[in-house]
Undergrad: 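Dropping the structure in here first, questions after.
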Amino acid sequence: MHSTFGGGFDAVSLLFTLASVALVALAVVIGVLLIRTLLWVIRALQSIVRERELRIDLLVAGDDPEGPAPVTPPTTPRG
């Protein structure tokens, strides 16, 4: 039993159509948010990897940004 308005207008099919459109819109919004989040994470990981590569290059070259490690003179046993 479907209720109709006027000339064959079906309320159930209208509600179904509106629910379908809302579901598709929600899926599109969630998809866009997931893609944007994924792109942000990829950029962040690339920055972290690049920073580590630069630190390794600086350590290998001996240009540590924190300065060289202090040199301690060797100790000789007294006796």
Undergrad: List in chain and number order the residues that pass side chain to side chain donor-acceptor pair (under 3.5 Å) with E51, two or more places apart in sequence or in another chain; answer none if no residue qualifies.
TA: R55
Undergrad: Can you tell me how far CG of D57 sits from CZ of R50, rounded to the nearest 0.5 angstrom?
TA: 7.0 Å
Undergrad: Apply the side chain to side chain contact (heavy atoms under 4.5 Å, CB included) test between I35 and each candidate in V32, L39, L33; give the one that qualifies.
TA: L39
Undergrad: Looking at CD1 of I42 and OG of S47, how far apart are the two atoms once the value is rounded to the nearest 0.5 Å?
TA: 12.0 Å
Undergrad: What is the distance from atom CG of L34 to atom CG of L38, rounded to the nearest 0.5 Å?
TA: 8.5 Å
Undergrad: Could you give me the CA-CA distance, side-chain angles and deciding distance for V41 and L45, then say whether side chain to side chain contact (heavy atoms under 4.5 Å, CB included) is met?
TA: CA-CA 6 Å; V41 167; L45 287 174; 4.0 Å; yes
